[in-house]
Amino acid sequence: MLALYVRYDRAAPWTPMAIFAVFAALFYDVAPLWLLAGTAGAYTASCIFTMRFVELGAVQSAEPVVLRRLWRGQVIASTLNGLLLGLFFALVWPEGDRASQVMAGAMATIFAVGSTTSKAANPTAYNIYVSVVLLPFALRNLLLGTAPGAAITAIAALGLYRLYETGREAYRTLCEAIELRLEREALIGELESANLTARRRALELAVLNAELDNRVAQRTAELGESEERYALAARGTNEGLFDWSRRTDRIYFSARAHELLGIPDGGLNRSLFSWIDHVVEQDRELALRELNEAFARRNQTFAGEYRFRHGDGQTRWIAIRGIITFGLDGNPERFVGSVGDVSDRKRYEDQLLHDALHDGLTGLPNRALLLDRLGQCQRRAEQDENDRFAVLWVDLDRFRAVNDTLGHAAGDSLLRFAAQRIASLPRAQDTVARIGSDEFAVLLDGVSGPEQANDLADRLRTTLRQPFEIAGRPVTVAASVGIVLSGPGRVPEDYLRDGEVAVHRAKAAGGDGVSVFAAEMRTSADQRFDVAQGLVGALKRDEFRLAYQPIVDLATRAVVGYEALIRWVPEPGRVIAPGQFVDIAEETGEIIPIGAWALREATAELARRRLLPGNEGLFVTVNVSPRQFRADAELPAVIAATLAEHDLPSGRLRIEVTESLVIESPEAALETLKRLRSLGVPIVLDDFGTGYSSLSYLHRLRFDALKIDKSFVAGLPHSSESRSIIATIIALAERLGMSVVAEGVETEAQAEALRQLGCTAGQGFLYGRPLLFPAEPPAVAQPPFIERITGVG
């Protein structure tokens with residue numbers, strides 16, 4: 001049974017309790033049930049504490065507080081279990097023989113030895129259990145005084161002592177074990193923490209090393225790419241490189257730099273300033289000074305352009321661009337940069353500068369360069385009154401006729417040939433410039449007096465009169481020259497302004513002449529300027545009026561028509577005649593809108609007059625200026641629209657042109673005249689006989705009427721020359737199928753002489769001055785003939 005017990009005790013913690021229950025059931029029928037239940041409960045608690053203690057004790061992470069509690073619980077449960085078991089056996093055999101007592105003690109011992117409380121797990125609990133089980137027998141037998149009782153008492157006493165020693169030692173051992181465990185755990189924690197920190201630091205270092213390696217590789221790649229880009233950029237810009245370091249005091253030039261300068265490779269790699277030896281002598285001092293100044297001023301950048309002697313003997317413009325770094329002591333540490341050939345750019349800039357100061361067509365200096373040189377001469381003259389100069393303004397006569405007849409290409413050729421002739425006459429120190437379309441200026445630098453300027457003006461006129469070969473045909477022009485002499489207190493623009501005033505005076509005198517500027521000319525020019533300014537907007541301000549001078553039949557003195565003459569009335573009571581503003585309006589271009597207004601106004605007035613009885617056959621003559629005739633390509637269309645608007649027959653409006661139009665632009669005039677004639681508008685040639693080249697065009701241009709100039713009529717009736725000229729004009733007109741109107745008829749004798757010569761119509765003060773018609777026509781028509789019409793002259 002003992003073997004079976006031991007076997008099952010090892011096999012299952014509940015075996016002793018089962019064996020105990022069997023014995024109790026077989027031998028003791030009076031066993032107290034509370035002892036059985038208490039023993040079973042205590043035994044069960046002892047087993048649970050034991051197994052839990054053993055289980056957690058094998059786990060390294062168990063909390064020391066929990067282990068202490070399990071140890072105490074196991075001790076308490078074992079003590080209670082032993083006490084109850086001992087009481088059971090003591091009470092079961094209250095009486096008995098020695099054999100029964102011995103057997104009971106043996107039985108208790110077996111149960112004690114077979115306790116589930118493991119000695120290895122908790123020796124203290126084991127000793128308490130054994131001692132407590134035997135204690136009741138020891139007390140009972142001690143009281144009975146039996147030998148077994150004495151033995152059992154001795155064993156119990158020994159057990160109690162053993163209990164005290166073992167418990168104290170076990171608890172101390174447990175505490176030490178717990179402390180050692182705590183220390184071990186702390187050490188392990190520290191080691192693990194250190195290891196974790198070490199691993200983390202190692203990992204961080206590995207990451208940092210990897211990142212550093214990556215950045216180094218990246219920077220290496222970027223540096224390689226940067227060097228490659230820099231090399232490609234330098235190659236693409238066709239520039240060379242240089243590098244100087246103060247540590248070595250050597251400057252290194254790349255192979256491309258040596259190539260640009262035409263110097264064998266390595267020939268420039270010397271000291272910092274060695275490259276300046278290859279700069280041309282005129283720029284050497286400048287290069288050295290600019291580099292030293294950059295170092296002294298601690299400029300971080302340097303830029304200079306100098307002429308170098310190339311290896312092939314030519315001179316090249318080389319641009320030096322660099323960056324300078326400085327040390328803590330303020331001295332330059334390094335100088336790196338590039339060199340490039342900028343010769344082409346310099347040539348281009350020189351060409352731009354030349355073009356900015358020279359005329360593109362003739363190659364002569366332009367107005368800007370002339371003004372600059374005039375300023376230099378004026379400053380010298382202000383310092384030395386004997387240092388005098390003169391300006392000649394040269395204006396080609398009849399250039400416009402060449403341009404209109406042969407075309408602009410021929411006109412440009414004429415200007416180039418004329419420029420060559422003009423430039424060939426002055427001295428080397430003089431300046432010939434083109435300052436306008438057909439206008440040139442000559443600056444005579446250093447003249448003794450006006451005679452020298454007059455002499456050059458005469459020679460210029462003489463050489464320009466010689467025919468030019470243009471477009472395969474000879475072309476003859478002339479020149480008008482205005483002279484301005486130097487004087488104090490003047491600015492360069494004054495000379496050009498005064499020269500233009502003087503040349504206008506020469507052209508007004510008939511052209512191909514010389515005029516020396518005088519102060520009073522400027523007054524006239526200022527007046528012309530005021531007139532030009534006043535003309536601007538005068539048409540919008542309704543400042544123009546038309547005065548009508550009658551044209552009469554010389555035989556019957558009947559009014560057959562009127563000539564519309566323009567007047568400028570800038571303010572009430574002030575009337576400006578055409579001679580004072582028409583030529584200025586021609587120059588400014590204002591004549592074009594003014595002439596168009598005159599056509600519309602005269603046509604409208606004639607339409608109102610024709611509504612009256614007896615006025616059905618009247619016509620009106622309107623003067624058209626040469627500029628309007630040439631510039632207004634819509635002139636025929638405007639005239640046609642005006643006639644249609646007022647329902648006038650085309651023959652009632654006559655266009656009057658001057659002989660100068662025919663002389664200057666015969667081809668252009670021919671085309672416009674053809675278009676007007678196709679409309680049925682009669683064309684009247686004014687001032688016939690005052691020119692010298694219009695006769696050859698009469699049969700081509702087909703005029704309807706000629707006007708005899710008043711200068712010829714003034715000689716009648718006594719001048720035989722005037723009579724002969726007038727007779728010739730009338731005969732020529734009759735042969736060409738044209739009518740004749742005499743201007744400037746002021747006396748009856750002149751009128752009679754004209755009738756005798758065959759002239760049929762005339763106008764002049766004898767028949768009436770130009771009249772400003774009232775706003776509304778009279779209710780009754782004018783008589784068929786009048787003695788005198790008074791009005792505005």
**Report entry** Stepwise side chain to side chain contact (heavy atoms under 4.5 Å, CB included) test for L414 and L406
**Finding:** CA-CA 11 Å; L414 175 60; L406 303 181; over 6 Å; no
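The pair R284-D277 does not count as a salt bridge, with every side-chain nitrogen at least 4.0 angstrom from each carboxylate oxygen. A salt bridge is absent between D350 and R347; no separation between the charged side-chain nitrogens and carboxylate oxygens falls under 4.0 Å. Between D359 and R367, no side-chain nitrogen of the basic residue sits less than 4.0 Å from a carboxylate oxygen of the acidic one, so the salt-bridge criterion is not met. The pair D312-R316 meets the salt-bridge criterion, with a side-chain N (NZ, NE, NH1 or NH2) lying under 4.0 Å from an Asp/Glu carboxylate O.
Residue Q452 places its CD atom among more than 12 non-hydrogen atoms of other residues, nucleotides or ligands, all under 6.0 Å distant. Atom CD of E281 has 12 or fewer neighbouring heavy atoms from other residues, nucleotides or ligands inside a 6.0 Å radius. Surrounding CZ of R461 are more than 12 heavy atoms belonging to other residues, nucleotides or ligands, all under 6.0 Å away. At most 12 heavy atoms of other shown residues, nucleotides or ligands fall within 6.0 angstrom of atom CD in E285. Counting non-hydrogen atoms of neighbouring residues, nucleotides and ligands closer than 6.0 angstrom, the CZ atom of F417 reaches no more than 12 such neighbours.
You'll find the side chain of D341 reaches within 4.5 Å of the side chain of I318, heavy atoms only. The closest side-chain heavy-atom distance from R246 to N331 is below 4.5 Å. In this structure, the side chains of F308 and V280 stay at 4.5 Å or more apart for every pair of heavy atoms. With a 4.5 Å cut-off on side-chain heavy atoms, R421 and T463 count as touching. Looking at heavy atoms from C-beta onward, Q378 lies out of side-chain contact with V491 at the 4.5 angstrom threshold. Inter-residue side-chain proximity for V514 and I483 is flagged as met; some heavy-atom pair is nearer than 4.5 Å. The shortest distance between side-chain heavy atoms of R250 and W244 does not fall below 4.5 Å. Annotation: side chain of V394 is in contact with side chain of I422 (closest heavy-atom distance under 4.5 Å).
The main-chain N or O of L286 is never found under 3.5 Å from a side-chain atom of D283 such that the two would form a donor-acceptor pair. Although no hydrogens or angles enter the test, the distance criterion places a donor-acceptor pair under 3.5 Å between the side chain of D384 and the main chain of N386.
In this structure, the ring-ring contact (aromatic ring centres under 6.0 Å, His included) partners of F335, at least two apart in sequence or on a different chain, are F242, F302. With sequence neighbours excluded, no residue forms a ring-ring contact (aromatic ring centres under 6.0 Å, His included) with H278.
Closest non-hydrogen pair, I584 versus A532, comes out as CG2-CB, 3.7 Å. Here the shortest heavy-atom pairing between R398 and A478 reads NH2-N, 4.0 Å. The minimum heavy-atom distance between A419 and F440, with the atom names listed, is CB-CE2, 3.9 Å. Residues R298 and D329 approach most closely at NH2-O, 4.2 Å, considering heavy atoms. Closest of all the heavy-atom pairs between L415 and L396 is CD2-CD1, 4.0 Å. Between L374 and F389, the shortest heavy-atom contact is CD2-CE1, 3.8 Å.
In summary, the side chains of Q376 and D372 do present a donor paired with an acceptor at a separation below 3.5 Å, with no hydrogens or angles considered.
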